[in-house]
Amino acid sequence: MNKLQRLTNAPGSSPDKALGPGRVLLAAPRGWCAGVDRAVMAVGKALEQYGAPIYVRKQIVHNKYVVQTLEQKGAVFVDETEEVPEGSIVVFSAHGVAPSVHVEAAAGNLAAIDATCPLVTKVHREAKRFSEEDYDILLVGHEGHEEVIGTIGVAPDRIHLVDGAEGVASVQVRDESKVVWLSQTTLSVDEAMATVGELKKRFPLLVSPPSDDICYATQNRQAAVRELAPEADLLIVVGSRNSSNSVRLVEVGLEYGATAAHLVDFADEIDDAWLEGARTVGLTSGASVPEVLVDGVLEFLAARGYTDVKTVRTAEEHVQFSLPKELRRDLRAEAASDPSARADRQAVPGGSS
Ligand code: SF4
């Protein structure tokens with residue numbers, strides 16, 4: 001049985017005895033953000049527009065279910081551009097790529113669709129501008145994360161990665177009066193600010209970015225978890241282990257008072273033992289998680305007596321991003337030559353808009 005079948009089957013399987021009654025505090029906002037929506041929509045539209053296969057460099061977003069669903073529709077995920085056959089279409093993931101990846105794609109005669117989240121692109125622009133102004137850039141982020149690799153690639157000679165407060169002491173810059181910090185978009189707000197505080201002690205003239213680099217979706221999901229965590233005997237975060245913002249939600253939940261917290265991709269990964277003695281279960285999901293997976297967890301919990309569900313909302317979100325320009329250009333051209341092509345094209349897996 002594959003994961004998609006397990007997702008469908010899991011909530012229907014009742015435990016030997018109900019563990020409730022208990023209540024669920026459902027975080028809002030949660031799940032699917034505007035950047036993820038745009039990236040997943042881009043792959044779906046590309047499949048419709050050009051047909052399979054559509055190659056995608058890296059996971060389009062860090063979520064197993066989304067990747068499996070797109071694979072079933074004809075997307076082929078690769079690690080590097082060189083794995084894509086010459087002349088094919090390749091989509092770059094929401095986490096962004098270094099400029100060198102665009103060069104590789106052009107060299108391979110690939111048609112690239114750049115689904116980098118516009119909020120990651122904003123950080124790339126900041127990095128480019130500050131490097132051109134000859135700053136040393138201290139990038140607060142996690143070593144090895146795809147977004148960090150892409151951002152460092154914008155100005156590899158100028159950017160120094162600072163992975164947590166413990167990394168501050170070893171940073172070397174050319175001129176301590178010309179230093180700026182930027183950050184990965186999906187960090188824990190508290191942890192990032194602690195690192196920046198240490199950087200400011202070491203570099204008193206440190207310049208801050210013109211606006212927040214930690215994105216609205218990351219901040220809002222953490223704020224909702226901070227609100228409900230003190231009441232949660234157990235916090236369940238729906239998300240994949242390689243999803244930075246999902247992992248941060250577990251950490252924030254524990255830091256703000258949840259007695260226990262676990263990350264799961266699917267409802268059937270929840271261990272009934274976690275529910276023993278848990279009267280209040282907090283529930284949220286990372287920014288790359290479609291709501292169907294949260295619904296699966298709610299059904300799983302309801303089958304165990306957790307039928308009282310209260311939403312804890314700390315913000316409203318209305319952010320939307322337009323499709324990548326390469327796709328908009330081709331969709332416009334097709335619509336101009338064939339008015340019937342304006343017909344609504346749905347069928348994007350898990351899409352929220
Ligand atoms: Fe963009 Fe933030 Fe969503 Fe990442 S989590 S895709 S930066 S909106």
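For ligands, and for the atoms within them, numbers begin at 1 and follow the listed sequence. Nothing fancy with the numbering, it's 1 onward along the sequence.
- At a threshold of 4.0 Å, the pair Arg329-Glu326 does not count as salt-bridged, since none of the basic side-chain nitrogens sits closer than that to a carboxylate oxygen.
- Near Tyr216, meaning under 4.0 Å from one of its heavy atoms, ligand 1 places the atoms 8 (S).
- A salt bridge is absent between Glu198 and Arg202: the closest approach of a Lys/Arg side-chain nitrogen to an acidic carboxylate oxygen does not fall below 4.0 angstrom.
- Look at Asp134 and Lys178 and you find no salt bridge, because none of the NZ, NE, NH1 or NH2 atoms lies under 4.0 Å from a carboxylate O.
- Using bins of under 30°, 30° to 60° and over 60° for the plane-to-plane angle, the ring pair His95/His62 lands in the parallel bin.
- By the 4.0 Å N-to-carboxylate-O rule, Asp136 lies too far from Arg158 to be salt-bridged with it.
- Take a cut-off of 2.8 Å around atom 3 (Fe) of ligand 1: the protein N, O or S atoms inside it are Cys33 SG.
- Ion pairing between a basic and an acidic side chain is recognised when a charged N comes within 4.0 Å of a carboxylate O; Arg279 and Asp233 show no such pairing.
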